[in-house]
Amino acid sequence: MKYPLIIGNWKLNGSNLMVNSLINQLNQKLFNIKNCHIAVAPPILYIDRVSKVISDNIKICAQNVDISLCGAYTGDVSIEMLKEIGVQYVIVGHSERRNYHKEDDNYISKKYSIIKSFDLIPILCIGENETQNKTGKTKEICKLQLASVLDNQGVQAFENAVIAYEPIWAIGTGRCPTPVQIQSVHKFIRDYIATYDMNIAKKLIIQYGGSINEKNAAEIISKPDIDGLLVGNSSLNASVFSKIVKIAQASKLI
Ligand code: PGA
């Protein structure tokens with residue numbers, strides 16, 4: 001049985017007060033949720049604290065990791081450090097890192113590999129920008145971004161892994177592709193992985209991310225190849241995020 005996976009990516013948001021309040025509310029609202037995998041991705045500074053107080057059924061996701069394990073890399077954090085404080089998922093290839101930190105597919109593939117080699121679960125973000133979308137290049141771009149991991153590490157790298165389809169133009173904009181369009185991209189991704197290994201493709205969790213809220217979540221998550229949601233803005237509000245989790249849980253129970 002494949003449970004939906006809902007992750008709240010807090011990005012660069014939070015304060016001691018805000019984190020305490022969000023965690024208290026999430027614990028109250030979500031502690032008894034079953035048949036749905038839930039995780040939150042706080043800024044690195046808060047991970048240790050969140051990990052100690054969060055309900056057992058809510059897992060911890062890191063927003064980033066370095067490719068080195070130790071040494072003279074000012075400002076970076078290693079996968080071992082993350083694992084030691086209870087991190088289970090790591091986001092890699094998010095468009096904000098590709099864009100603001102100039103991370104390319106080759107570098108992202110190295111990050112992906114280090115996450116896998118320490119048995120953590122990578123959330124590999126892929127997706128097209130607005131121009132690529134308008135010129136019909138969405139699937140081609142997704143394929144290229146997947147190819148860097150496939151070519152370097154083989155299809156086995158997608159065992160126990162997550163792909164998040166996140167059209168860049170939909171992130172933080174309030175605009176989304178239609179559920180039918182998202183389903184079509186997800187099916188394309190699964191079919192592409194299936195050309196390498198059918199079984200891995202079947203089990204693969206493919207999340208959608210980009211302007212998810214409590215109004216659009218139900219129709220999107222109801223599609224057969226949409227296995228989860230990567231939620232940005234809406235995850236900063238405990239009531240909204242909890243509603244999205246419950247919508248996903250109910251949708252995939254049927
Ligand atoms: P958003 O962000 O929900 O605020 O659009 C999604 C993401 O970047 O993962």
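Residues take their numbers from the sequence shown, with the count starting at 1.
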Can you check whether Phe158 and Tyr192 have ring centres sitting under 6.0 Å from each other?
no
Would the distance check show the side chain of Asn152 and the main-chain N or O of Val149 forming a donor-acceptor pair, the cut-off being under 3.5 Å?
no
Compare all side-chain heavy atoms of Phe241 with those of Leu22 and state whether any distance is below 4.5 angstrom.
no
Nearest 0.5 Å, please: how far is NZ in Lys102 from CZ in Arg97?
11.5 Å
Supply the atom-to-atom distance Thr135 OG1 to Asn129 CG, rounded to the nearest 0.5 angstrom.
8.0 Å
Would Tyr3 and Val231 show up in the same hydrophobic cluster when neighbours are defined by side-chain heavy atoms closer than 4.5 Å?
no
Met18, CE atom: more than 12 neighbouring heavy atoms under 6.0 Å:
yes
Approximate separation, where rounding is to 0.5 Å, of Lys215 NZ and Ile220 CD1
13.0 Å
Tell me whether Lys59 contacts the main-chain N or O of Asp56 through its side chain, where contact means a donor paired with an acceptor under 3.5 Å.
yes
N/O donor-acceptor pair under 3.5 Å between Tyr73 side chain and Ser78 backbone:
no
Could you walk me through whether Val50 and Val19 pass the side-chain contact (heavy atoms from CB on, under 4.5 Å) test, one step at a time?
CA-CA 8 Å; Val50 172; Val19 168; 3.7 Å; yes
Heavy-atom check, side chain of Ile60 versus side chain of Tyr46, under 4.5 Å
no
Tell me if a side-chain donor or acceptor on Asn13 pairs with a main-chain N or O of Trp10 at a distance below 3.5 Å.
yes
Does Lys137 come within less than 4.0 Å of Glu128, counting only side-chain N to carboxylate O?
no
If you measure from CG on Asn133 to OG1 on Thr138, what distance do you get to the nearest 0.5 Å?
4.0 Å
Can you find a side-chain donor-acceptor pair between Ser239 and Gln25 that sits under 3.5 Å?
no
On a heavy-atom basis, which atom in Cys142 and which in Gly127 lie closest, and how many Å separate them?
SG-CA, 4.4 Å
Is there a donor-acceptor pair closer than 3.5 Å between any side-chain N or O of Lys143 and the backbone N or O of Ile189?
no
Give me the atom names and distance for the closest heavy-atom approach of Trp169 to Cys176.
CH2-C, 3.9 Å
Mind running side-chain contact (heavy atoms from CB on, under 4.5 Å) on Glu80 and Cys70 for me, showing each step along the way?
CA-CA 9 Å; Glu80 279 178 311; Cys70 62; over 6 Å; no
With heavy-atom distances below 4.5 Å as the criterion, would you say the side chains of Arg175 and Ser211 are in contact?
no
Please report the C-alpha distance between Lys11 and Glu96 in whole Å, then the side-chain angles of each, then the deciding distance to 0.1 Å, and finally whether the salt bridge (Lys or Arg N to Asp or Glu O under 4.0 Å) criterion is met.
CA-CA 10 Å; Lys11 306 193 181 184; Glu96 286 149 16; 2.9 Å; yes
Heavy-atom closest contact (Ile54 atom, Val40 atom, distance):
CD1-CG2, 3.9 Å
Main-chain N/O of Ser113 paired to Ser117 side chain as donor or acceptor, under 3.5 Å:
yes
hydrophobic_cluster_shared for Leu146 and Val90, side chain cutoff 4.5 Å
yes
Under the side-chain contact (heavy atoms from CB on, under 4.5 Å) criterion, do Gln153 and Ser109 qualify, and how do the steps go?
CA-CA 8 Å; Gln153 295 157 58; Ser109 163; 3.1 Å; yes
Between Arg190 and Leu204 (side chain of the first, backbone of the second, donor and acceptor by atom type, cut-off under 3.5 Å), is there such a pair?
yes
Same cluster (ILVMFWY, side-chain, under 4.5 Å), Val53 and Leu26:
yes
Would you say Leu45 ends up clustered with Val87 if hydrophobic residues are merged whenever their side chains have heavy atoms under 4.5 Å apart, either directly or through other cluster members?
yes
Search all heavy atoms of Leu229 against all heavy atoms of Ala217 and return the closest pair with its distance.
CD1-CB, 4.2 Å
Using modelled atom types and a 3.5 Å cut-off, is there a donor and acceptor pairing between side-chain atoms of Ser251 and backbone atoms of Ile247?
no
Evaluate the side chain to side chain donor-acceptor pair (under 3.5 Å) criterion for residues Ser184 and Lys139: first the C-alpha distance (whole Å), next the side-chain angles of each, then the deciding distance (0.1 Å), finally the verdict.
CA-CA 9 Å; Ser184 152; Lys139 291 174 181 170; 2.9 Å; yes
Side chains of Leu69 and Phe118, heavy atoms from C-beta outward: is any pair under 4.5 Å?
yes
Asp76 side chain near Ser68 side chain, heavy-atom distance below 4.5 Å
no
Under a single-linkage rule joining Ile, Leu, Val, Met, Phe, Trp and Tyr whose side-chain heavy atoms are separated by less than 4.5 Å, which residues share a cluster with Val162?
Leu5, Ile7, Tyr89, Ile91, Ile121, Ile123, Ile205, Leu230
Quick check against the 3.5 Å criterion: does Asp227 have a side-chain atom that pairs as donor or acceptor with the backbone of Gln207?
no
Please answer whether the main-chain N or O of Gln156 pairs with a side-chain N or O of Lys116 as donor and acceptor at a distance below 3.5 Å.
no
Atom pair CD1 (Ile221) and CD (Gln249), whose distance is rounded to the nearest 0.5 Å
11.5 Å
Between Asp105 and Lys110 (salt bridge meaning N to carboxylate O under 4.0 Å), is one present in this structure?
no
Does any part of the side chain of Ile108, heavy atoms only, come nearer than 4.5 Å to the side chain of Leu124, both counted from C-beta?
yes
In His94, Lys111, Arg98, the residue satisfying side chain to side chain donor-acceptor pair (under 3.5 Å) with Glu103 is Lys111
Using a 6.0 Å cut-off, check whether atom NZ of Lys187 has over 12 heavy atoms from anything other than its own residue.
no
Hey, what do you get for OG (Ser242) to CD (Gln28), rounding to the nearest 0.5 Å?
10.0 Å
Do Met81 and Ile79 belong to the same hydrophobic cluster, where Ile, Leu, Val, Met, Phe, Trp and Tyr are linked whenever their side-chain heavy atoms lie under 4.5 Å apart, directly or via other members?
yes
Kindly indicate whether the side chain of Pro43, heavy atoms from C-beta on, has any atom under 4.5 Å from the side chain of Gln63.
yes
So which atom in Asn64 and which in Leu82 form the shortest heavy-atom distance, rounded to 0.1 Å?
O-CD1, 3.6 Å
Could you give me the CA-CA distance, side-chain angles and deciding distance for Gln183 and Ile226, then say whether side-chain contact (heavy atoms from CB on, under 4.5 Å) is met?
CA-CA 6 Å; Gln183 162 61 23; Ile226 304 176; 4.2 Å; yes
Just to verify, which of Leu30, Asn27, Ile23 counts as forming a side chain to side chain contact (heavy atoms under 4.5 Å, CB included) with Ser55?
Asn27
Search all heavy atoms of Ala238 against all heavy atoms of Lys29 and return the closest pair with its distance.
O-CD, 3.8 Å
I'd like to check Lys246 versus Ile33 (side-chain heavy atoms, cut-off strictly below 4.5 Å). Are they in contact?
yes
